[in-house]
Engineer: 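Here it is: the structure, laid out below.
By convention in this document, chain letters (A, B, ...) are assigned in the order of the sequence lines, proteins followed by strands, and residues within each chain are numbered from 1. Being a predicted model, the structure only gives us computed values, none of them experimental.
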Amino acid sequence: MSKAKQYREVKNLTQAQIENEIAQFWKSNAIFEQSIHEREGKTPYVFYEGPPSANGMPGIHHVLARTIKDIFCRFKTIQGYQVKRKGGWDTHGLPVELQVEKLLGITKKDIGTKISVAEYNQKCREEVMKYKDVWDDITQKMGYWVDLENPYITFDNNYIESVWWILKELYQKDFLYKGYKIQPYSPAAGTGLSSAELNLPGCYKDVKDTSAVAQFKIEMASVQENAFFANKDEAYYFLAWTTTPWTLPSNTALAVGAAIDYVLIKTFNPYTHLPVNLILAKDLLSKYFQPENEQKDFATYAQDGKNLPYQIINTCKGKALAGIRYEQLLPFEANQKEKINGDAFRVITGDFVTTSDGTGIVHIAPSFGADDMKVAAENGIGALTLVDLEGKFIDGVGAFSGRYVKDYKNEPNYISVDIDISIQLKKENKAFKVEKYEHSYPHCWRTDKPIIYYPLDSWFIRVTAVKDRMVELNKTINWKPESTGTGRFGQWLENLIDWNLSRTRYWGTPLPIWRTEDKDEEICIGSVEELKAEMQKSIAAGWMDKSILDATFDLHKPFVDDIILVAASGKPMRRESDLIDVWFDSGAMPYAQWHFPFENKETFQQSFPADFIAEGVDQTRGWFYTLHAIATMLFDSVAYKNVVSNGLVLDKNGNKMSKSKGNTVDPFKTIEKYGADVTRWYMISNSQPWDNLKFDEEGLAETGRKLFGTLYNTYNFFAIYANIDGFRIDTQERIPLAERAEIDRWVISKLHSLTNEAAAAYNDYEPTKAARLIEDFVIEHLSNWYVRLCRRRFWGNELSQDKRAAFETLFECLQTVAQLMSPIAPFFSDWLWQNLLGTSSSIHLSQLENGNDKAIDKALEQRMEWAQEISSLVLSLRKKTKIKVRQPLQKILVPAIDKNFIAQVDKVKGLILSEVNVKEIEYISDTSGIISKKVKPNFKLLGKKLGGKMKAASEHIQNLSNDDIQHLEKNGHIDILLEDEKFNILLEEVEIISDDIQGWLVASNNGITVALDIHISEELKNEGFAREIVNRIQTERKESDFEVTDKIFIHVQNQLVLNGVLNTYKEYICNETLAKDIILADNISNAKVFDINGEELYIFIQKA
RNA sequence: AGUCCUAUAGCUCAGUUGGUUAGAGCACUGCUCUGAUAAGGCAGGGGUCGGCAGUUCAAGUCUGCCUGGGACUACCA
């Protein structure tokens, strides 16, 4: 009868075909949805999806990041947890806006003039989802399971409402405030820049600027009583260095380090050659003067600005200089002292002052530096802002008025203000040194022009208030790798500054704060309902005609700005025009994705905080931070318990991938060529997720060939023979482990060990470890050892108990391996699973059981390792003597030093003997006298005991004579003499091994020694012939394309030497080759001639 | 500039609390096995474990400094 094949046999199926098939299956059976619904009521495992932005194409690094996310979600699912994965889209922010500007050919200035804000935002809304289809496609192709049917979208009204709710909570906790801060600002673009923008690649550039060391003249009236300045008739100056001379007119103070040593010196100005007295840090003296010019006769000065003679008049600490007043360096109409809102032109102390650069005296222009502003505020110095928002000097700065401080307008003949100021200083005896200085300076990534620091109004979140709590909570988070949490993230938390929330853009979540014009009254809105209610009041007060908040209302600009509210005093309140930082949007996702607290309260409670999140390490200060900050402020909780931060994907040479370099990897092409599973497996197994991955196509090919190829063939082998025998796995009854062969129990033991170890690795967020363990099991243990050694067991005629055991064992291995690998290789594992079980249920709906400790036999695993080691040694001996494995040999000898070792080896000797084709194994005892022994000290034990004598002892011990060794073995200890000192060495402090058997061919490794008897008797020789003949016939069968089950007749031409062999081994040969008979004849047509160990043999085979 | 990561064979990576021949895979060379193979086995070449110092009986492993690569943060004038 023709049996229907139980197991699908495959040939030349590509990974891509498998994946298409499985993807189709998942889709039409809604497997992903089932994997969640089926586990309703089970313990939830909470995962947060960090929203990607769909306005860019997905890259290979997204595949890595999403593979990591997918792995743990799938693993937890197969462990029985319910893992919801709500997808999301990040939709606000600058990248979208810029893309739209580029698309429309406009700049920020045109928004509101050439194009209405409404139209512009509409365009953003469309553009941000530009590549959604491509993203959906890669999601499906790479096998990433995430719910994209009901994603959260940050531009959604509901999402915004939740964000508003959060902001109001923070507002009520007094975490929100408006402040005046120095911020990066691009005059060319007319906009403030976020720190994220400042850190776009290429923003910090090395530029050469004109730097100046200016002479600030001391007001002698302020030092009348000061003995430090001995000669009140002379002029004294502070030296202060700046790389931005254009800020000098805005100078209002000088800062010194309280503990820094300063010197007062007498010298000349190198430009005017006038005699001057200068104050600068002692440590920096050598920067401007050569030591040999000290005490040089002042008369010898050549008036060339070189080799300035100088003389140290006095020294003091910076503290002593504080309070001294100086004359304004560059007085103009606009910076008259009366116009300054503080007590300016004084020396103050600041802890930021160092002597690593400049003069140790820092020029302070509070409007153009964050440090400056801070220290000025602390000292009541006041500020000058002589530059406007366009980056040009305001009126009243003399000839500089109207000039741009940098070339913001691409003027063809732009003359550097820095240079002109320096020239003026030189002329006026106010410059001590002017030179070009190369440093790295931030540039506006859009205009490529240098930014300046400028005082701007902003809303801030007072994260500094919860800093300590954030640090504390961070310690409870399991970071992978740990160093990112303690180091990078921890350090960042320690040095927190308040979070600047304001963005002066158009497409983003509007700040829900309305204020009166006099800033006296304000309201923070926390919901649409509240806004409606407030609007009603406003209508009643006559500030608005009617409610505009209907169901279709868009909470974005410009509509939200049409709403005017009324204050308690009756005054109108208008919305603060800022948008909020987009990072706040993504950090709000734990709440806003559920429209909490307006809906889904219970769902939220069950899904906060997350058990697991994963993103690139570049998110440390991004999403990881905003999630943490908001959760801390809102609920005094962490937002996530475990976090994996993955490294970058580099090209195969270790370079960063970039479009300009053309070394990017197209994930679609990669997946199409090698398959998603192979790509995923390669990325995970090649290096730890947090290490950078050098992406090399060769590695993909190797993974495909080795792991997937091997597994595919192992399955196919199983299928072919199972079908031949009509074997069918019985889900209920299996042959008990105890009744299976040693090698079956071994591989099952290995399998259960693997299950435990791999699960532990997954649970520990170590996917690379898991992948490598699985790979090792499949290739080394299952394929290269178990299947190879067991092949014969599958060949017999009937389905014996032993054969059934072999089938069951192999089946169980494949089944569990499929489950273990399913998180990483979701397609192939499901394909394998379904083929094995003949089911249309998915592996991803299955339950992974723990490894059964009763099935694990470590002693068995150990002795199999020994069997492998011994086999390997014997094979290497055969190699040395050039005796083929096909040639049977009589015996191998193993020294019997360790009784346990022998007992263990004896249990696996059958495997060894058949593997190396030897008849017997003989254990030779100690007393034979032909074993030579060696003693190796146990360094760990002896090192502690002997300390400094260890080296000498080691030498001594290794040179112990055979008698000494015998003594040691017998008595359990021996005395040795080291530098006239006696030491007692115990038996357990050394290792005794045999490494030679005299008179035999010996190989030795890892403490195991084997000798091989290479004498070939006539009988062995003939058996060797028989094996050779079998080999030729098998080859011939294969070449003739016979089925493995075909019976044959063998026709052989009579041959003097081999006829005897053919007779003697007829049964053996027939058995091996499925031959019905061997027919000898004098002459055979069609025969092929074979060389059998030097004998010619004519053979012809035909199907019976 | 600061913080953190990283450096082991030509390439990709292992390497336990420090313990004595530093490993695997790929690639290369030779031989070999095959009744599942895209394979497998055996042998070979290939390493001042980035450099220098230190701690120690003992350092790839611990400490410090330096160099290369990378990330993040950053107006230090």
Engineer: Is the shortest side-chain N to carboxylate O distance from R1032(A) to E1028(A) below 4.0 Å?
Structural biologist: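 Judged by the 4.0 Å cut-off on N to carboxylate O distance, R1032(A) and E1028(A) do form a salt bridge.
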Engineer: Is it the case that S211(A) and W241(A) place a side-chain donor and acceptor less than 3.5 Å from each other?
Structural biologist: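 Judged by distance alone, the side chains do pair up.
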Engineer: Is there a Watson-Crick or G-U wobble partner for C72(B) with both distances under 3.5 Å, and if so, which one is it?
Structural biologist: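 The answer is G2(B), by the H-bond criterion.
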Engineer: Contact class for E482(A) vs. all strands (heavy atom < 4.0 Å): base, sugar-phosphate, or nothing?
Structural biologist: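 Nothing, no heavy atom under 4.0 Å.
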Engineer: Return the value, rounded to whole Å, for the distance between atom CG of D776(A) and atom C1' of U12(B).
Structural biologist: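 Roughly 16 Å, once rounded to whole Å.
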Engineer: On RNA chain B, compare the nucleotides closest to D696(A) and A240(A); which residue's is nearer the 5' end?
Structural biologist: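 The residue closer to the strand's 5' end, by nearest nucleotide, is D696(A).
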Engineer: When the distance from CG of L700(A) to P of U12(B) is rounded to whole Å, what number comes out?
Structural biologist: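 It is 15 Å, rounded to the nearest whole Å.
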Engineer: Are F828(A) and W681(A) close enough that their ring centres sit under 6.0 Å apart?
Structural biologist: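 That pair fails the under 6.0 Å test.
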Engineer: Using atom CD1 of I957(A) as one end and atom C1' of G19(B) as the other, report the distance to the nearest whole Å.
Structural biologist: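 In whole Å, G19(B) C1' and I957(A) CD1 are 13 Å from each other.
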Engineer: Taking for each residue the nucleotide of RNA chain B with the nearest heavy atom, is it K769(A) or F939(A) whose nucleotide lies nearer the 5' end?
Structural biologist: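 Between the two, 5'-proximity favours K769(A).
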Engineer: Would you say S954(A) reaches C57(B)'s phosphate, i.e. side-chain N/O to OP1/OP2 under 4.0 Å?
Structural biologist: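 No, no such contact exists.
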Engineer: Roughly, in whole Å, what's the span from CG in L493(A) to C1' in U3(B)?
Structural biologist: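 That distance rounds to 13 Å.
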Engineer: I want to verify a distance call: between A77(B), U20(B), G41(B), whose nearest atom is closest to the T243(A) side chain?
Structural biologist: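 Ranking A77(B), U20(B), G41(B) by closest atom to the T243(A) side chain puts A77(B) first.
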Engineer: For the P atoms, the ones on U61(B) and on U17(B), what distance do you get once it is rounded to whole angstrom?
Structural biologist: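 My reading of the P atoms in U61(B) and U17(B) gives 14 Å.
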Engineer: Decide yes or no, distance alone: a donor-acceptor N/O pair under 3.5 angstrom between the base of U20(B) and the side-chain of K940(A).
Structural biologist: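 Between U20(B) and K940(A), which were checked side chain against base, a qualifying N/O pair under 3.5 Å is absent.
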Engineer: In whole Å, what separates the P atom of C72(B) from that of A38(B)?
Structural biologist: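 Comparing P positions in C72(B) and A38(B) gives a spacing of 44 Å.
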Engineer: Rounded to whole angstrom units, what separation is found between the CD atom of E698(A) and the P atom of G25(B)?
Structural biologist: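 One finds 17 Å between P of G25(B) and CD of E698(A), rounded.
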Engineer: Which of the following nucleotides, A77(B), G41(B), U17(B), is nearest to the side chain of T244(A)?
Structural biologist: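 Out of A77(B), G41(B), U17(B), the nucleotide with an atom closest to T244(A)'s side chain is A77(B).
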Engineer: Quick one, give me the B/S/- string for nucleotides 33-39 of chain B, reading 5' to 3', where B means a protein heavy atom under 4.0 Å from the base and S means that only happens at the primed atoms, P, OP1 or OP2.
Structural biologist: SSBBBBS
Engineer: Starting from C1' on C26(B), measure out to CD on E775(A) and report it in whole angstrom.
Structural biologist: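 Nearest whole value for this atom pair: 12 Å.
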Engineer: Would you indicate what G358(A) reaches in the nucleic acid, counting non-hydrogen atoms under 4.0 angstrom: base, sugar-phosphate, or nothing?
Structural biologist: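 The residue G358(A) makes no contact with any strand.
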Engineer: Determine the interatomic distance between C1' on G47(B) and the same-named atom on U55(B); round to the nearest Å.
Structural biologist: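 Going atom to atom, C1' in each nucleotide, I get 26 Å.
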Engineer: How far, in whole Å, is A59(B) from G54(B) if one measures between their C1' atoms?
Structural biologist: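 Straight-line distance between the two C1' atoms is 11 Å.
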Engineer: Ignoring hydrogens and geometry beyond distance, is a side-chain donor-acceptor pair present between E869(A) and S872(A) at under 3.5 Å?
Structural biologist: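 Note: E869(A) and S872(A) side chains miss the donor-acceptor criterion.
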Engineer: Salt-bridge test for E766(A) and K480(A): reply yes if a basic N is under 4.0 Å from a carboxylate O, no otherwise.
Structural biologist: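 A salt bridge is present here (some side-chain N lies under 4.0 Å from a carboxylate O).
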Engineer: Within this structure, what is the CD-to-C1' distance between E766(A) and U16(B), rounded to whole angstrom?
Structural biologist: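 It works out to 14 Å between those atoms.
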Engineer: Whole Å only: how far is the CD atom of E697(A) from the C1' atom of C11(B)?
Structural biologist: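 The distance from CD of E697(A) to C1' of C11(B) comes to 15 Å, rounded to the nearest Å.
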Engineer: If you measure from the P atom in C49(B) to the same atom in A7(B), how many Å do you get, rounded?
Structural biologist: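 The same atom, P, in both gives a distance of 14 Å.
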Engineer: Strictly by Watson-Crick or wobble contacts shorter than 3.5 Å, is anything paired with G64(B), and which nucleotide is it?
Structural biologist: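 Its partner is C52(B) (Watson-Crick or G-U wobble, both distances under 3.5 Å).
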Engineer: With rounding to the closest Å, how many angstrom separate the C1' atoms on U12(B) and U20(B)?
Structural biologist: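 It comes out at 28 Å once rounded to the nearest Å.
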Engineer: Side chains of T244(A) and T247(A): is there a donor and an acceptor less than 3.5 Å apart?
Structural biologist: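 Yes, T247(A) and T244(A) have a side-chain donor paired with an acceptor closer than 3.5 Å.
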Engineer: Regarding Q887(A) and N917(A), do their side chains bring together a donor and an acceptor under 3.5 Å, going by distance alone?
Structural biologist: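 Distance-only check fails for Q887(A) and N917(A).
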Engineer: Taking atom C1' in both A77(B) and U6(B), what distance in whole Å separates the two?
Structural biologist: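 Those two atoms are separated by 34 Å.
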Engineer: Give a yes-or-no answer on whether the side chains of Y674(A) and E697(A) include a donor-acceptor pair shorter than 3.5 Å.
Structural biologist: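 E697(A) and Y674(A) do have a side-chain donor-acceptor pair below 3.5 Å.
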Engineer: Counting only side-chain heavy atoms from C-beta out, which of G70(B), U12(B), A14(B) sits nearest to N692(A)?
Structural biologist: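 Nearest to the side-chain atoms of N692(A), counting from C-beta on, is G70(B).
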Engineer: If you look at every strand shown and take non-hydrogen atoms under 4.0 Å, does G699(A) touch a base, only sugar-phosphate, or nothing?
Structural biologist: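 If one applies the 4.0 Å heavy-atom cut-off, G699(A) turns out to touch nothing in the nucleic acid.
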Engineer: So which nucleotide from G41(B), C42(B), U73(B) ends up closest to the side chain of W492(A)?
Structural biologist: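 Nucleotide nearest to W492(A)'s side chain: U73(B).
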Engineer: Partners of F489(A) by ring-ring contact (aromatic ring centres under 6.0 Å, His included), sequence neighbours excluded?
Structural biologist: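 Here the qualifying residues are W479(A), H628(A).
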Engineer: Taking atom P in both G40(B) and A27(B), compute the distance separating them and give it to the nearest angstrom.
Structural biologist: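 Roughly 9 Å separates the two P atoms.
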